[in-house]
There are 2 protein chains.
Amino acid sequence: MKLNTKSRYAVMALADMAVFSNDKAVSLRDISLRQGISLLYLEQIFLRLKKNNIVKSVRGINGGYILVKSPKELKISDILLALDQKVKTIGCKKDSKKSCNGKSTKCITHNFWDELDIHINSFFENKKLSDLLKSREARI
Amino acid sequence: MKLNTKSRYAVMALADMAVFSNDKAVSLRDISLRQGISLLYLEQIFLRLKKNNIVKSVRGINGGYILVKSPKELKISDILLALDQKVKTIGCKKDSKKSCNGKSTKCITHNFWDELDIHINSFFENKKLSDLLKSREARI
DNA sequence: AAAAACTTGACTATTTTAGTCGGGTATATA
DNA sequence: TATATACCCGACTAAAATAGTCAAGTTTTT
Ligand code: FES
Ligand code: FES
């Protein structure tokens with residue numbers, strides 16, 4: 001049970017931006033070098049972050065990406081949402097009339113997974129990008 | 001981000017046992033019919049539950065499986081552990097000297113994923129099999 | 001003896017994941 | 001205005017994980 005690398009790298013890259021941008025655009029090349037993430041992969045990730053209005057882009061020389069919100073305001077859940085990384089530990093389709101095993105009623109465990117989803121999502125809802133940086137500073 | 005079906009079915013099957021066993025062994029065939037899970041698949045799952053001492057088996061006619069602990073004492077985390085379904089949202093190897101991207105220091109996000117793991121695991125640690133049944137009863 | 005039910009390892013099709021490739025377009029600066 | 005830098009975007013693929021099956025047993029009760 002883990003998040004996919006796209007989501008993990010997205011969080012990592014945005015944290016990198018929060019640390020190293022000095023109100024300037026941060027290029028993917030720099031992020032790639034600092035964080036050791038493939039440039040081509042980052043491009044794919046930032047495409048989606050842009051579409052979901054997490055970052056905006058500046059083209060051309062000295063271009064790069066800029067955080068739309070400040071790290072203090074950017075929720076981790078927003079980032080995951082941008083990458084379709086839904087937390088859905090439940091087995092059945094949420095809207096479907098059918099349960100996870102094809103029956104018409106919800107299975108014994110349904111409510112339990114539902115609670116788990118809420119538990120995890122509230123963690124992501126309550127964490128801001130800036131929270132990641134704090135513990136970083138504490139370690140230095 | 002979801003658990004694999006083995007884990008989900010394991011929880012479901014054990015909850016089924018808790019409901020339908022009357023201090024008798026419950027056969028996989030019955031669980032299969034009630035919960036709509038493939039019998040062959042259940043066999044594979046119960047093999048591991050048995051190895052990890054979650055259930056014990058009774059062979060022969062009228063045989064089946066019996067919960068080793070009472071539902072009140074059986075933690076969900078025990079079940080997941082039996083199926084190797086570790087919650088490890090972190091990218092790097094826990095013991096390894098290297099970070100998730102091959103550097104020698106932990107990446108910016110490491111502590112964050114660590115917190116998340118703790119958050120999720122404590123949920124599973126604190127939930128007992130009997131807790132699943134409660135909400136079931138409430139619905140009836 | 002026969003049937004019910006557990007035992008076990010191997011095997012496979014499908015899906016998901018992680019990541020690459022190729023060919024763009026925009027813009028700052030020399 | 002040439003050119004290098006950096007974003008843009010769809011398509012593609014290799015590898016890994018997953019879900020589930022199969023075959024060939026053994027044990028125990030009736
Ligand atoms: S998880 Fe929703 S019906 Fe089983
Ligand atoms: S998650 Fe551990 S070093 Fe990145």
Side-chain angles (χ1 to χ4, degrees), chain A residues 1-10 12-13 17 21 24-68 80 83-86 88-89 91-92 100-102, chain B residues 1-10 12-13 17 21 24-33 35-68 80 83-86 88-89 91 100-102:
Chain A
M1 176 152 167
K2 75 190 309 186
L3 291 144
N4 58 23
T5 55
K6 277 205 184 78
S7 306
R8 285 188 283 115
Y9 286 171
M12 202 187 294
M17 286 178 68
S21 98
K24 289 195 213 81
V26 181
S27 74
L28 295 188
R29 192 173 160 277
D30 287 352
I31 299 177
S32 168
L33 290 172
R34 277 193 296 259
Q35 302 302 329
I37 304 169
S38 149
L39 176 59
L40 292 161
Y41 207 25
L42 278 176
E43 284 183 350
Q44 203 184 108
I45 293 166
F46 273 73
L47 202 65
R48 314 195 66 175
L49 291 176
K50 191 193 168 177
K51 268 187 187 148
N52 286 275
N53 206 40
I54 308 289
V55 294
K56 57 190 172 192
S57 64
V58 180
R59 300 188 100 175
I61 279 184
N62 296 326
Y65 288 94
I66 298 174
L67 290 170
V68 169
L80 301 185
L83 290 149
D84 288 340
Q85 182 66 20
K86 289 191 207 69
K88 210 186 79 60
T89 60
C92 61
C100 53
N101 46 28
Chain B
M1 175 154 169
K2 74 189 309 184
L3 292 143
N4 58 25
T5 54
K6 276 204 186 75
S7 306
R8 284 187 284 114
Y9 285 170
M12 202 187 296
M17 285 177 68
S21 100
K24 289 194 214 81
V26 181
S27 73
L28 295 187
R29 191 173 160 278
D30 287 352
I31 299 178
S32 168
L33 290 172
Q35 301 302 327
I37 305 168
S38 148
L39 176 61
L40 292 161
Y41 207 25
L42 277 176
E43 285 181 350
Q44 204 184 110
I45 292 166
F46 273 74
L47 198 65
R48 315 196 64 174
L49 291 176
K50 189 193 169 179
K51 268 186 186 149
N52 286 276
N53 207 38
I54 307 289
V55 294
K56 57 189 172 191
S57 63
V58 180
R59 300 188 99 176
I61 281 186
N62 296 325
Y65 289 93
I66 297 174
L67 290 170
V68 169
L80 301 185
L83 290 149
D84 287 341
Q85 182 67 18
K86 289 189 205 70
K88 211 188 77 63
T89 58
C100 54
N101 45 29

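Chain letters run A, B, ... following the sequence lines, proteins first, then strands; residues in each count from 1. We use all heavy atoms of the structure for the numbers below, so side chains are in, but hydrogens, waters and symmetry mates are not.
- What separates CZ of F46(B) from P of dT8(C) is a distance of 15 Å, to the nearest Å.
- Comparing E43(A) and K6(A) by the nucleotide of DNA chain C whose heavy atom lies nearest to each, the residue mapping closer to the 5' end is K6(A).
- Taking side-chain N and O atoms only, K50(A) has no distance below 4.0 Å to OP1 or OP2 of dC7(D).
- The minimum heavy-atom distance between V58(A) and I66(A), with the atom names listed, is CG2-CD1, 3.9 Å.
- Nearest heavy atoms, K6(B) versus I45(B): O-CD1, 3.9 Å.
- Close to dG19(C), at under 4.0 Å from its OP1 or OP2, lies a side-chain N or O of T5(A).
- Remark: P of dC9(D) and CG of L28(A) are 13 Å apart, rounded to the nearest angstrom.
- Residues from residues 57-66 of chain B lying near DNA chain D, meaning a heavy-atom separation below 4.0 Å, are R59(B), G60(B), I61(B), N62(B) in numerical order.
- Separating the CG atom of L42(A) from the C1' atom of dC8(D) is a distance of 14 Å, rounded to the nearest angstrom.
- Residues K56(A) and V68(A) share a closest heavy-atom pair of N-CG2, 3.8 Å.
- For dA18(C), neither phosphate oxygen OP1 nor OP2 lies less than 4.0 angstrom from any side-chain nitrogen or oxygen of S38(A).
- Whole-Å rounding puts the L47(A) CG to dA11(D) P distance at 13 Å.
- For a distance-only test at 3.5 Å, the side chain of Q44(A) qualifies as a donor-acceptor partner of the base of dT20(C).
- Taking the side-chain contact (heavy atoms from CB on, under 4.5 Å) definition, one finds that L47(A) meets it with nothing, sequence neighbours left out.
- In this structure, L80(A) CG and I54(A) CD1 are separated by 9.5 Å, a value rounded to the nearest 0.5 Å.
- Contact record, R8(B) with T89(A): CD-O, 3.4 Å, taken as the closest heavy-atom pair.
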